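Data block below; observations after.
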There are 4 protein chains.
Amino acid sequence: MNHSNKNLPGRPRSTQSHQAILQTTLDLLAEVGYDRMSIEAIATRAGVGKPTIYRRYQSKAELVADAIESRREEYVIPDTGSLWGDIEALITSAAQITFNPLGRQTVAMMIGSATSNPEFAQVYWIKYLQPRRQAFAVVYERAKARHEIPSDLDPDLVFDVISGLMLYALVFPEGTKAWETSIRQTTQLLLQGAKAPSVSNESQ
Amino acid sequence: MNHSNKNLPGRPRSTQSHQAILQTTLDLLAEVGYDRMSIEAIATRAGVGKPTIYRRYQSKAELVADAIESRREEYVIPDTGSLWGDIEALITSAAQITFNPLGRQTVAMMIGSATSNPEFAQVYWIKYLQPRRQAFAVVYERAKARHEIPSDLDPDLVFDVISGLMLYALVFPEGTKAWETSIRQTTQLLLQGAKAPSVSNESQ
Amino acid sequence: MNHSNKNLPGRPRSTQSHQAILQTTLDLLAEVGYDRMSIEAIATRAGVGKPTIYRRYQSKAELVADAIESRREEYVIPDTGSLWGDIEALITSAAQITFNPLGRQTVAMMIGSATSNPEFAQVYWIKYLQPRRQAFAVVYERAKARHEIPSDLDPDLVFDVISGLMLYALVFPEGTKAWETSIRQTTQLLLQGAKAPSVSNESQ
Amino acid sequence: MNHSNKNLPGRPRSTQSHQAILQTTLDLLAEVGYDRMSIEAIATRAGVGKPTIYRRYQSKAELVADAIESRREEYVIPDTGSLWGDIEALITSAAQITFNPLGRQTVAMMIGSATSNPEFAQVYWIKYLQPRRQAFAVVYERAKARHEIPSDLDPDLVFDVISGLMLYALVFPEGTKAWETSIRQTTQLLLQGAKAPSVSNESQ
DNA sequence: CGGTAAGCGAGACGGTACGTCGCGTCTTAAG
DNA sequence: CTTAAGACGCGACGTACCGTCTCGCTTACCG
C-alpha cells in the first residue's frame, strides 16, 4: 500500500507516532465509544500533535477504520470436515470479534455512521463481511461435495440471514438472549427447507 | 402514565412550544441527521429558548427518542386472509417506516447509541418491534388455523430472522440490493424446513 | 410621598414579603456584593416570587437603594461642647457606617454605578451626605460662636475635603492606612490656614 | 517583566489579535460601559474567538485592566518654574485623563470592583496614583528649594487630599460643581496652615 | 356576605451571555 | 519536510439570570 522505499525528501513519518495513534484510538474507542472520543484526546494521550493525525487521516471515521483494520487478523477458512463443525467455527470466530467492548463499539460506530458516512459501512462490508461470506461459500461447496446438503440453496442467502441475526442480537440484546441457538435453528431450517418440496407462495 | 390533572403550582409548560420542539427535531433529524443536528439549531428554528428544551430533556438522545415516539402511529395487525398477504403487509409497513430519510436516521441513531445508551434501543424494542413481533404471532396462528403452515415453528424466530435481514439491508445496502426477495425466499424456506423431516445436526 | 391610606381595591401588598425582600437584599449585598447578587437569589432566599420583587422595583439598583434607605437611622447632629469633639463624633459615625462589609459594598455599588446610574449616587448624596454636610455647618457655626475658629472659612469645603479623604481611603486602603490621622491633620491645617495671612497665588 | 525572547514551543500568540482585543475593549468600555460590555461582543467586534480572549485573561476585570494599562502614557513630571504652575499642570493632566467617557468608566470600574477585586484597585494605585504622588513630592521639594513654601508639610498628604477631592467630584458631581476651585483653595489653605502657628486640638 | 380585584408563590417563557470543549487549520522552532 | 506544541477562528455545549408571563390560590375591601 505504501511504497516505503521511495526516496522522498525531508524527514520520514514516524512509525512510532503512527503506532501510538492507532493503539490509542483503539483504547479510547473501547473506553468511551466513538462519539465521545475526540481527536484532541487521541493526540494528547498518544503524545502526538493534532496535525500529525490530520496529515494521515481526513476524518475521525477514517482514522478509526484504519485503526481497526490494522489489528484485523488474516481470516482462515475453517475446515473441520463437517458442515456443522465449520459453521460452529464461523459463528465462534464472529462472536469473538463482535461480542466484546471493542467489537461492540466498532459495530456500533460502523452502523451509526452508515447513513452519514456510507463509505464507512462499505469498508466494513468489503474488508470484513465479504471474506467471511466467501469463506462460507467455500465451506458450503465442500459440504455439498460431501453430499451433506442440497445443491439448490444460495450460500450467500444463508450467510446474510446469519449475519442479520447476529447484528440484530447485538443491537437488541433484551429480545434475543439465545441468539446462538436461534442461528443454529435457523440454519437447520433453511437447509431442510431447500431439500423439501417447494411450498407454493400464491401472492407471488 | 401521568394523571396529568394534578394541580401543579407555577405556570404550566407550553404545549405550543412542546409541539414546535418535537416537529423541528424531526425535521432537522431528516434533513441533516442526528450527529449534525444541534440543540441550538432546534431551539432557534422552533422559536424557543434553549433552556425550554433542556427543561424537558436531559440529552439530545432523549429529545429525539420522544420526538419519534410522539409521531408513532398505532399499529394495526394485518388480516388479508392469507399468510403471504399478511406477511407482505408487514414487510410493506416496516419498509415504509424504515426506508425513508427520517426512518433511516431514526434507526441509525437508535443503533448508534445502542451501546452508549442501551435503554434507548430498549425503547425501540418495546415500543416498535415488540408489537410487530406479537402481531406476526397472531398472523401466524391464524395461518396455522387455516392449515397453511406447520405447527412446530416458533413465529418469533421467523420474525427475528426477517427483522435481522431488514436491519442488515439497512446497514449494508451494497451487499443486499434485493432484500425484499431475500426476505420472501427466507420465509418460504423456513416454513418448508419446519414441514420437512428433520436433518440431523451431529455437532449438537 | 405615598398616600398609603388610599382605599385601593384588591389585596394589599404583604408587609412580611416586603421586609423579607429588603433584609435578604442587604444580607446578600454584604455577602457577595452588588454585581454577584441576583434578583433570582434574593427571591429564592426571601421565599418570594420574582414578580413580587419586580412589582415593587424596576431594577436591582432601585431595590438595593431602597433596602439601604430602609435601614438608615435618623442622623443626630453631635453637640459635645467643643469643635474637635463634634468632629470626632462625625468621623466615628461615618466610619461606623462605611467601614464594614455592608458599608463597603454599599459605597462600592454607589460609586460603581455613578456613571451608569447617576441618579443613584444622587440619592446617596441627598439622603446621606447632604444631612451630614449641613450638620457639619451647624457644628462649625457653634464653634465659631464659641470663638474657636475663624469666620472666613467655608464649612462645606472642609466637609468635602474630609469626605473625599474617606472615600479615597475606602478605595485605596494600601496607600492610606492612617486615614483617621490624615483627616485630623488636614482639618487642623485648613483651620489654621484660614486664620493665617493669605499666601498669594500668582497663577490665579 | 517577561523576557519575551524565550523559545517557547508552539505557535506564538498573535500580536494582531491581541491589539484588536485591547482596542475593542477600550472602544466598548467607552461606548456602553463596563457592566453592559460582554466578552462575547468584544470577541465578535474584534474578529476573534472567545477562547482567544479567555486564553489571555481570566476575567473581564483583568482584560479591562490590561487594556487600560496598555494605553497608559509615560507620565512626565511638570516643571513650570513655580509651584502653582506645576500644580495646575498636575490638575489639568489628571482631569484630562479622568473627566472623559473612558476615564469615568475606568475609574468607576476600578472603584466598583475595589471590594470584590482588591488587587485591581491596587494596580491602579501602583501604576497610576503612586507615580503622580511621587511627582508631586518632587514638585514640592523644588518649590521648597525656591523658598515658596514651608518645610514642615507632608506633600503626600496634600496629594491625597487633592486626589480625594477629585474622586469625590467624580462620584458626586451634583455637590461639587466647582471642584477645580475647591482644589486650589484647599491647597492654598493647607500651605498657609502649615506656615501658621499651630492651633491646639484639645481632644487629642 | 358574596363579588371582585389585586397580590401571592411558583415556575415556565424567549432571551443573552457565560465560560468550556473540541473542531480542523495555522504557524512556530527543532530535528 | 515532518514533528510536537500550541494558538487560531469557529460553533455548539449546558448553565445562570434576565425580566415577563401565566397559573391557581389567597386576602381584604366594597357594594
Side-chain angles (χ1 to χ4, degrees), chain A residues 8-14 16-17 36-44 46-60, chain B residues 7-14 16-18 36-44 46-60, chain C residues 6-14 16-18 36-44 46-60, chain D residues 6-14 16-18 36-44 46-60:
Chain A
L8 294 166
R11 177 177 176 175
R13 291 188 178 173
S14 157
Q16 194 175 316
S17 293
R36 282 198 275 271
M37 175 182 63
S38 69
I39 302 246
E40 197 106 28
I42 296 172
T44 304
V48 146
K50 274 196 293 177
T52 302
I53 295 179
Y54 282 110
R55 208 170 288 119
R56 291 163 161 77
Y57 306 102
Q58 291 203 340
S59 68
K60 189 161 71 165
Chain B
N7 287 339
L8 293 168
R11 177 177 176 175
R13 293 191 176 166
S14 156
Q16 196 175 315
S17 293
H18 202 98
R36 280 196 276 273
M37 174 181 63
S38 72
I39 302 245
E40 195 112 30
I42 296 172
T44 304
V48 145
K50 269 195 293 178
T52 301
I53 295 179
Y54 282 110
R55 211 171 282 122
R56 292 164 162 75
Y57 305 102
Q58 290 202 340
S59 66
K60 191 161 69 165
Chain C
K6 268 196 192 157
N7 288 340
L8 294 166
R11 178 179 177 176
R13 292 186 176 173
S14 156
Q16 195 174 315
S17 293
H18 202 99
R36 281 198 276 271
M37 175 182 65
S38 70
I39 302 249
E40 196 106 28
I42 295 172
T44 303
V48 146
K50 273 197 291 178
T52 302
I53 295 178
Y54 282 108
R55 209 171 285 121
R56 292 164 162 76
Y57 306 102
Q58 291 203 339
S59 68
K60 189 160 72 164
Chain D
K6 283 221 186 110
N7 287 339
L8 294 167
R11 176 177 178 177
R13 292 191 176 167
S14 157
Q16 196 174 317
S17 294
H18 202 100
R36 281 195 277 271
M37 174 181 65
S38 73
I39 302 246
E40 195 112 30
I42 296 172
T44 304
V48 146
K50 269 196 291 178
T52 301
I53 295 179
Y54 283 109
R55 211 172 284 123
R56 291 163 163 75
Y57 305 102
Q58 291 202 341
S59 66
K60 191 160 70 164

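Please read all numbers here as calculations on a predicted model, not as lab measurements. Here is how names work: the chains are called A, B, and so on, in the same order as the sequence lines, proteins then strands, and each is numbered from 1.
C:Gln16 places its CD atom 11 Å from the C1' atom of E:dC8, with the value rounded to the nearest Å. Residue C:Met37 contributes atom CE, which lies 16 Å from atom C1' of F:dA16 at whole-angstrom precision. Rounded to whole Å, atom C1' of F:dA5 lies 17 Å from atom CD1 of A:Ile39. Put simply, CD1 on D:Ile42 is 12 Å from C1' on E:dA17, counting in whole angstrom units. When rounded to the nearest whole Å, the span between OH of B:Tyr54 and P of E:dA12 equals 17 Å. A straight line from CD of D:Glu40 to C1' of F:dA16 spans 14 Å, rounded to a whole angstrom. Rounded to whole Å, the distance from CZ on D:Arg36 to C1' on F:dC17 is 17 Å.
A 4.5 Å side-chain heavy-atom check between D:Ile39 and D:Tyr57 finds every atom pair outside the cut-off. Between B:His18 and B:Arg13, the closest side-chain pair of non-hydrogen atoms is not below 4.5 Å.
Along DNA chain E, the nucleotide nearest to D:Gln58 and the one nearest to D:Arg55 differ in position, and the one closer to the 5' end is contacted by D:Gln58. If C:Thr52 and B:Ile53 are placed on DNA chain E by their nearest nucleotide, the residue sitting closer to the 5' end is C:Thr52. Along DNA chain F, the nucleotide nearest A:Gly47 and the nucleotide nearest D:Ser17 are compared for position; the residue whose nucleotide lies closer to the 5' end is A:Gly47.
Nearest heavy atom pair, residue D:Ser14 against residue D:Arg56, reads O-NH2, 3.3 Å. Among all heavy-atom pairs drawn from A:Met37 and A:Lys60, the shortest one is O-NZ, 2.9 Å.
Between E:dA12, F:dT22, F:dG6, one nucleotide has an atom nearer to the side chain of C:Pro51 than all others, and that is F:dT22.
Within the 4.0 Å cut-off from OP1 or OP2 of E:dC8, at least one side-chain nitrogen or oxygen of C:Arg56 is found.
You'll find a donor-acceptor pair under 3.5 Å spanning the side chain of D:Lys50 and the base of E:dG19, going by distance alone. Side-chain to base pairing of D:Arg11 with E:dC26: one donor and one acceptor N or O lie within less than 3.5 Å of each other.
For the atom pair CD1 (A:Ile53) and OG (A:Ser59), the distance works out to 12.0 Å, reported to the nearest 0.5 Å.
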